[in-house]
Amino acid sequence: MNNTSGIVLFSLSGFSATVNYRVTLFSLTLLCYCLIVVVNVSLILTIILDQNLHEPMYVFLCSLCINGLYGAAGFYPKFVFDLLSDIQVISYEGCLLQVFVIYSNSKIDYSILVLMAYDRYVAICRPLEYHSVMSVRKTAVLLGFSWLVPLCCELMVGTLTSTLKLCGSHIDKLYCENWSVVKLACGSTRANDIVGLIIIAFYCAHVLIILYSYVQLVKSALKSREGRRKFTQTCVPHLLCLLNVTTALLFDVMYSRYGSASVPQTLKNFMAIQFLIIPPIINPVIYGLILTKIRKRMIYLCMMAAQRLRLTLKV
């Protein structure tokens, strides 16, 4: 990273509204992080250990949970540390790394949700071709691209940001965010703006792909009872997760670019971090509760663990 600005540290001023609630927020944040780890790891292990769940839909879901852990690791440890610190700062390199992890995480989320929509489209609209279309090799390639493309996009954004000369080091957030860093630039940010708009347009195209898939899914599902059953069981959780992630990201994007200075800092903080809190918890819970195979397997594993615990206590 070529630091042309001479900035060594950034100050995070979003913590000014947390001074009187540090211990409470620390406890809630730690609980939230532990919950994210537990629910995502539980779902990942359930899918890995059960051969019956080694299907494209569940593999994509496993990847979604791994990404949830990846994104949480980019935010929670630093946030928890800052809550108990008197001064909230982050190094220039640490700031760009945090931007990379958090925003590549959100892009990967959306890419995986597109793959899940495509998988459901093939399963319901072209059931006889499903195993040939969604082969093991094609699933692996699609999954690889769902990670590689967002990581490359964010690497390009980070590289452009690192070339900017900055005239300030004050970030009005709880964590580093690319737009907040770009706003500190002394000179032109046209290249950053153009690349940013191209990436936004690229991910808006993801939305169109999902919409097209669901138009076809609804048409197909209405034709038969079996189609309606498949749609209800496997598409409803996907739609809920999609709505969850989209709403969270829209809050962040709209506030980052158009947020008013008159908005209370507490509300700003909530709008800034809700996409890092809600999706990683809600997504695995939604799938764990609604998908029958996963729910039954998790109940079975819990019962086995409880039985072993009872036997151990008796001994």
Side-chain angles (χ1 to χ4, degrees), residues 1 36-37 39-48 53-77 96-123 133-162 175-178 195-196 198-210 213 237-238 241-242 244-246 248-249 252-253 275-284 286-287 294:
M1 293 178 184
I36 286 173
V37 172
V39 295
N40 282 280
V41 169
S42 298
L43 206 55
I44 290 167
L45 291 177
T46 300
I47 293 169
I48 290 174
L53 298 177
H54 292 182
E55 299 174 12
M57 181 177 70
Y58 300 108
V59 172
F60 294 146
L61 176 57
C62 183
S63 182
L64 192 69
C65 292
I66 291 171
N67 186 50
L69 294 175
Y70 163 69
F75 169 71
Y76 282 91
L96 293 186
L97 179 62
Q98 189 176 57
V99 169
F100 177 83
V101 174
I102 289 176
Y103 286 92
S104 62
N105 162 256
S106 63
K107 291 177 176 66
I108 292 167
D109 250 3
Y110 233 85
S111 297
I112 295 173
L113 288 170
V114 169
L115 291 186
M116 295 174 87
Y118 176 68
D119 174 75
R120 290 301 84 204
Y121 162 74
V122 177
V133 174
M134 297 302 295
S135 62
V136 173
R137 183 176 178 179
K138 187 171 182 179
T139 300
V141 169
L142 289 173
L143 199 57
F145 274 111
S146 74
W147 281 76
L148 185 61
V149 173
L151 290 174
C152 288
C153 286
E154 202 53 46
L155 183 62
M156 182 166 49
V157 170
T159 302
L160 281 173
T161 303
S162 69
Y175 59 90
C176 278
E177 187 257 344
N178 188 65
V195 170
I198 291 171
I199 291 174
I200 289 172
F202 176 66
Y203 281 94
C204 285
H206 284 44
V207 178
L208 296 178
I209 294 171
I210 293 171
S213 298
H238 178 267
C241 289
L242 184 65
N244 177 25
V245 172
T246 302
L249 287 176
D252 182 68
V253 171
F275 84 99
L276 295 165
I277 296 175
I278 300 173
I281 295 176
I282 297 298
N283 289 352
I286 288 173
Y287 275 101
I294 290 181

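The chain is numbered in sequence order, starting from 1.
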If I take atom [atom1] from residue [X] and atom [atom2] from residue [Y], how far apart are they, to the nearest 0.5 angstrom?
X: L69; Y: L64; atom1: CG; atom2: CG; result: 10.5 Å
X: L43; Y: I66; atom1: CG; atom2: CD1; result: 10.5 Å
X: I199; Y: M156; atom1: CD1; atom2: CE; result: 4.5 Å
X: E177; Y: Y103; atom1: CD; atom2: OH; result: 4.0 Å
X: I112; Y: C62; atom1: CD1; atom2: SG; result: 9.5 Å
X: N67; Y: S106; atom1: CG; atom2: OG; result: 8.5 Å

Nearest heavy-atom neighbours spanning [X] and [Y]:
X: S104; Y: Y70; result: OG-OH, 2.8 Å
X: S146; Y: L115; result: CB-CD1, 3.7 Å
X: F60; Y: D119; result: CE1-CB, 4.0 Å
X: K138; Y: V133; result: CD-O, 2.8 Å
X: M116; Y: M57; result: CE-O, 4.3 Å
X: A117; Y: I210; result: CB-CG1, 4.1 Å

Would you call [X] and [Y] a side-chain contact if the rule is heavy atoms closer than 4.5 Å?
X: S162; Y: L96; value: yes
X: L61; Y: L53; value: no
X: E154; Y: V99; value: yes
X: L151; Y: I108; value: yes
X: I209; Y: Y118; value: no
X: Y76; Y: I36; value: yes
X: C153; Y: V149; value: yes

When you look at F100 and N178, which way does the side chain to side chain contact (heavy atoms under 4.5 Å, CB included) test go after all the steps?
CA-CA 9 Å; F100 177 83; N178 188 65; over 6 Å; no
Ignoring hydrogens and angles, tell me if any N or O in the side chain of [X] forms a donor-acceptor pair with the backbone of [Y] under 3.5 Å.
X: H54; Y: I47; result: yes
X: N40; Y: P280; result: yes
X: Q98; Y: G74; result: yes

Taking atom CZ as the centre, does F145 end up with more than 12 heavy-atom neighbours from other residues, nucleotides or ligands that are less than 6.0 angstrom away?
no
Kindly indicate, with the supporting measurements, whether the criterion ring-ring contact (aromatic ring centres under 6.0 Å, His included) is fulfilled by Y203 and Y110.
CA-CA 8 Å; Y203 281 94; Y110 233 85; 7.1 Å; no
